[in-house]
Engineer: 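First the structure, which I've put down as C-alpha cells, then a few questions once you've had a look.
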Amino acid sequence: MTEGSNQRQVNDLAVIPVRSFDFAFPEDLDPLWIPLAPYRAHFYNGVSLTMPYLEPFLCKTMREAQQLVEDEQLLEDMKGFIGQEAQHYRCHRRLNERLTLNGHPQFSIIEARISVAYERLSKRSLRTRLAYSAGFECMTNGFTNWILGDRKALFENAQADVASFWIAHMAEECEHKTVAFDVYEHLYGSYWVRALGVVHGSFHVLGLGCIGMTSALHRDQKGSQLQRLAGTLRQLGAVAGKVGPFLLRALHPRYNPRQENEPEWLDDWIAYNAQLGNLGPMPVIDTTSEDMSLPSHLTQPAR
Ligand SMILES: [Fe+2]
Ligand SMILES: [Fe+2]
C-alpha cells in the first residue's frame with residue numbers, strides 16, 4: 001500500500017478499512033443501465049452474477065489461510081480483505097436479484113451453475129485456491145484502473161447507483177490488491193503455480209461472466225445474431241486491451257502488485273468516505289456531470 005492511501009495506523013499495524021457499503025438499487029432498475037451500451041452493461045451484469053459465489057470463496061480461502069499465518073500485519077490485512085469482500089458480495093447479490101426480477105429470470109439458472117463451479121473449486125488444495133485468488137485480484141487491479149480512470153467514457157449517463165457501486169467496489173479492490181498475493185507468497189511462493197493462478201483466476205471469472213452476458217443479450221433479442229456476436233467480441237476486445245497488460249505483467253516471475261500504479265482519483269474517493277468516518281452513505285456519482293466527480297456537499301478536508 002502506498003503512502004497517502006487510506007490506511008490508518010492502529011498499534012503500528014496498517015488497517016484496511018471495512019466501510020459501510022451499500023447502494024439503493026431502484027425497483028425499476030433497467031438491466032441495460034448504461035444507455036446506448038448494451039454490451040458493456042450486460043458484460044458487467046454477467047460478471048456481477050459471479051460475485052456472490054466468487055467472493056465468499058475468496059473469504060473462505062482466506063479464513064483457512066489465517067490458521068497458517070502468524071505475521072501480525074498480514075493477519076490484519078487478511079481481516080480487511082475478508083471484511084471488504086463480504087460487503088461486496090452482499091451488494092452484488094441485491095443487484096443480481098433486481099436484474100433477475102427486472103427481465104432476466106434466466107440469471108437464476110446461471111447462478112446455480114456458478115455456485116456448482118465454486119463448490120467444485122473449493123475442493124482444490126489451499127495452494128491452488130490461493131493462487132487462483134491472487135491471480136483474480138491481479139485482473140481486478142486492471143479493472144480498477146480502467147473503471148476509475150475511464151469512468152466518464154464507460155459510465156456517462158449510466159444509472160448512478162449501479163455505476164457508483166462498480167466504482168466503489170473497484171476502489172476497495174485497489175486497497176486490498178496486495179493481500180492475496182502476499183498470503184500466497186508467504187505460504188507457498190512457487191512461481192509456476194502462481195502464474196497458473198493468474199490464468200485460472202482471470203479466465204474462469206471472465207468465462208462465467210460471459211455466460212451471463214450472452215444469455216442476457218439473447219433474451220433481449222436486439223439485433224441479429226451476427227450483430228450480437230460482433231458486439232460481444234468488441235466488448236471482450238476492450239477488456240483484453242485494458243486489462244490484458246495487467247495480466248501479462250502479473251505473469252512476470254518478479255511481479256508484485258505494489259509495482260502497479262494506483263489510479264488517480266482513488267485518493268479523492270477514499271478521502272470522501274473518510275470524511276464520513278467510513279460509515280456511509282457511499283458516494284453516488286452524478287453520471288451526467290462534466291467530470292463525474294464526487295458529490296460536492298462535503299468540502300472540508302478529511303480529518
Ligand atoms: Fe470485491
Ligand atoms: Fe478483491
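Atoms within each ligand, like the ligands themselves, are counted from 1 in listed order. These values consider heavy atoms only, across backbone and side chains, with no hydrogens, waters or symmetry-generated copies.
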Engineer: Kindly report the OE1-the Fe ion (ligand 1)-NE2 angle for Glu85 and His169 respectively, rounded to 10°.
Structural biologist: 170°
Engineer: Restricting to N/O/S, name the atom of His176 that gets closest to the Fe ion (ligand 2).
Structural biologist: NE2
Engineer: Name the orientation class of the two ring planes belonging to Phe165 and His169 (parallel below 30°, tilted from 30 to 60°, perpendicular beyond 60°).
Structural biologist: parallel
Engineer: Has Glu137 got an N/O/S atom less than 2.8 Å from the Fe ion (ligand 2)?
Structural biologist: yes
Engineer: Check whether any N, O or S atom of Glu55 sits under 2.8 Å from the Fe ion (ligand 2).
Structural biologist: no
Engineer: Please name the atom of His88, limited to N, O or S, that comes nearest to the Fe ion (ligand 1).
Structural biologist: ND1
Engineer: Would you call the rings of Trp166 and His92 parallel, tilted or perpendicular if under 30° counts as parallel and over 60° as perpendicular?
Structural biologist: perpendicular
Engineer: The Fe ion (ligand 2) is nearest to which N, O or S atom of Glu173?
Structural biologist: OE1
Engineer: Think Arg40 forms a cation-pi with Phe43, using NZ or CZ under 6.0 Å from the six-ring centre and within 45 degrees of its axis?
Structural biologist: no
Engineer: Look at the rings of Phe155 and Trp33 and say which category their plane angle falls in: under 30° parallel, 30 to 60° tilted, over 60° perpendicular.
Structural biologist: tilted
Engineer: Could you tell me whether a side-chain N or O of Asp71 sits under 3.5 Å from a main-chain N or O of Leu74, the two making a donor and an acceptor?
Structural biologist: yes
